[in-house]
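Beneath this line is the structure, given in structure tokens, with notes to follow.
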Amino acid sequence: MLSRGCSIAAVLLLLSPGVAMAQQAPTVEDGFALLRAGKPDDARNVFEAVLGGKPDDSQAQSGEVQASEGVALAQYHDGHRVEALQALLRARPFAPRSPRLLVDLGILEEEMKLYPNAEKDLGLAQQVSPNDLNADYAMARVKMDEGQLDAAGENMKAYLKARPDDASAHYGMGRIDELGMQFDQARAEFLRSIAIQPVQTEAYYELGDVDLKQDNYTEALSYFQKVLARNGQHAGALADAGQALYREKQYTAALPYLQRAVVVAPAYQPGHYYLGLTLSRLGRKEESNRELLTAQKLADEDNRNAGRTYQISPAPASQ
């Protein structure tokens with residue numbers, strides 16, 4: 001029995017491509033039928049067959065991008081980021097000027113710290129579709145990661161001009177301002193994010209971080225406790241709450257926060273560092289030395305990995 005919406009031509013193509021091609025060439029409709037049936041990999045083969053004969057078919061290009069997104073998302077959800085990126089790269093020769101594909105690529109490349117690649121793809125998306133707000137938002141993140149804060153701010157402001165009620169964008173603008181040491185502006189952006197979306201944790205966490213950087217320890221602790229009330233496993237809030245208490249010389253109170261932080265996130269270097277300092281102040285020298293050594297090892301590992309990049313080649317199309 002054939003599944004509803006899946007044409008005979010599509011089935012024959014998948015079972016015996018040579019015979020199917022001789023009988024009836026695959027169509028764009030076949031590809032979209034396979035997409036609706038939850039078979040993005042098979043759909044992609046159909047769209048690529050269509051594009052092999054009609055490379056400018058806009059519907060087939062759109063289908064190719066959608067099918068490749070489906071394959072990439074499945075890989076990403078399984079924790080296979082390299083394979084997800086390969087799935088998107090395979091679509092690029094078929095739809096080289098698709099803003100949707102270029103933004104997908106840029107977002108994933110930014111996450112994988114492939115910043116030159118992300119900047120190139122998102123820049124092309126902005127050229128092809130100057131009003132693509134998703135490209136502006138993604139480019140802001142890339143520029144922020146690269147330390148180009150002025151450019152990051154310009155892109156985020158362009159996004160916010162069109163979408164002033166986007167809580168995540170105000171949060172992003174706050175992060176850019178915070179990194180630029182513009183603490184009053186950062187605080188205003190985080191508060192705006194919370195006003196739009198009160199139920200969240202990250203803007204509260206960053207408000208605490210801003211106060212911590214300005215030595216406002218009591219205020220910082222109150223924000224970290226708000227975060228922990230919603231997410232008791234937030235390693236940053238645990239470690240920074242411990243740090244705030246440490247800096248106020250409340251070592252006994254700081255200890256449980258820091259002990260929880262290193263359990264929740266064993267690879268989070270600040271947790272081990274401030275736990276080591278706190279244990280030292282409490283006279284527990286052997287434990288302190290152990291935590292400080294762990295913190296140093298983690299810092300060294302972070303430094304070694306700082307320049308590491310992926311080398312990605314597109315997955316070949318099936319023959």
Side-chain angles (χ1 to χ4, degrees), residues 1-112 114 117-118 120-122 124-129 132-135 137-138 310-319:
M1 294 292 291
L2 298 178
S3 61
R4 182 174 298 176
C6 186
S7 72
I8 293 175
V11 173
L12 289 176
L13 174 73
L14 298 175
L15 295 178
S16 181
V19 174
M21 288 297 291
Q23 295 181 6
Q24 180 178 337
T27 67
V28 170
E29 289 73 20
D30 296 332
F32 281 110
L34 287 165
L35 267 182
R36 289 192 295 272
K39 299 179 179 179
D41 208 346
D42 294 338
R44 182 172 59 174
N45 290 336
V46 171
F47 291 125
E48 289 173 0
V50 173
L51 290 165
K54 298 179 181 179
D56 296 326
D57 188 313
S58 60
Q59 281 191 309
Q61 289 178 341
S62 177
E64 171 71 12
V65 172
Q66 292 179 53
S68 297
E69 285 177 336
V71 175
L73 281 171
Q75 294 285 2
Y76 185 88
H77 288 154
D78 287 339
H80 303 145
R81 290 191 299 175
V82 170
E83 290 79 2
L85 184 55
Q86 286 178 324
L88 295 176
L89 288 171
R90 173 170 155 174
R92 188 156 59 184
F94 298 99
R97 293 177 67 80
S98 165
R100 177 170 172 170
L101 176 62
L102 290 166
V103 171
D104 286 342
L105 282 165
I107 290 172
L108 185 52
E109 287 162 342
E110 183 267 338
E111 182 179 322
M112 297 173 69
L114 295 167
N117 305 59
K120 180 179 178 181
D121 286 327
L122 293 170
L124 181 55
Q126 290 176 317
Q127 291 177 25
V128 173
S129 182
D132 191 321
L133 297 177
N134 291 328
Y137 187 95
Y310 292 86
Q311 298 295 324
I312 308 295
S313 299
S318 57
Q319 300 297 319

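As a basis for the values below, the full set of heavy atoms in this structure was taken, side chains included, without hydrogen atoms, waters or symmetry mates.
- The side-chain contact (heavy atoms from CB on, under 4.5 Å) search around Asp57 returns Val28, Val50, Leu51, Lys54, Gln59, Ala60, not counting sequence neighbours.
- Looking at every heavy atom in both residues, Gly31 comes nearest to Val46 through N-CG1, 3.6 Å.
- Here Arg90 contributes atom CZ and Leu85 contributes atom CG; the two are 14.0 Å apart, rounded to the nearest 0.5 Å.
- For Glu110, the salt bridge (Lys or Arg N to Asp or Glu O under 4.0 Å) partners two or more places apart in sequence, or in a different chain, are Arg141.
- For the pair Ser129 and Pro99, the tightest heavy-atom approach, listed with the atom from each and the gap, is CB-CG, 3.8 Å.
- Take Gln127 and apply the side-chain contact (heavy atoms from CB on, under 4.5 Å) test, not counting sequence neighbours, and it matches Leu124.
- Within the 4.5 Å cutoff, the side chain of Met112 has heavy atoms near those of the Val82 side chain.
- Take Ala135 and apply the side-chain contact (heavy atoms from CB on, under 4.5 Å) test, not counting sequence neighbours, and it matches Val103, Ala125, Gln126, Asp132.
- With sequence neighbours left out, the side chain to side chain donor-acceptor pair (under 3.5 Å) criterion links Gln61 to no other residue.
- Pairs of residues two or more places apart, or lying in two chains, that qualify as side-chain hydrogen bond (donor to acceptor under 3.5 Å, both in side chains) and include a residue from residues 92-109 are Glu69-Arg100, Arg92-Asp121.
- Smallest separation of non-hydrogen atoms from Val71 and Ala87: CG1-CB, 3.9 Å.
- For the atom pair CG (Leu114) and CZ (Arg81), the distance works out to 9.0 Å, reported to the nearest 0.5 Å.
- Here the closest non-hydrogen pair linking Pro93 and Leu89 is CD-O, 3.4 Å.
- Residue pairs meeting the ring pair (Phe, Tyr, Trp, His ring centres under 6.0 Å) criterion with at least one member in residues 38-92, sequence neighbours excluded: Phe32-Phe47.
- The two residues Ile107 and Ala138 make their nearest non-hydrogen contact at CG1-CB, 3.8 Å.
- Salt-bridge formation is not detected for the pair Arg44/Glu64: no Lys NZ or Arg NE/NH1/NH2 atom is positioned less than 4.0 Å from an Asp or Glu carboxylate oxygen.
- For the pair Val65/Leu88, no side-chain contact is recorded, criterion being any heavy-atom separation below 4.5 Å from C-beta on.
- Once rounded to the nearest 0.5 Å, the distance linking CG of Asp42 with CG of Leu34 reads 6.0 Å.
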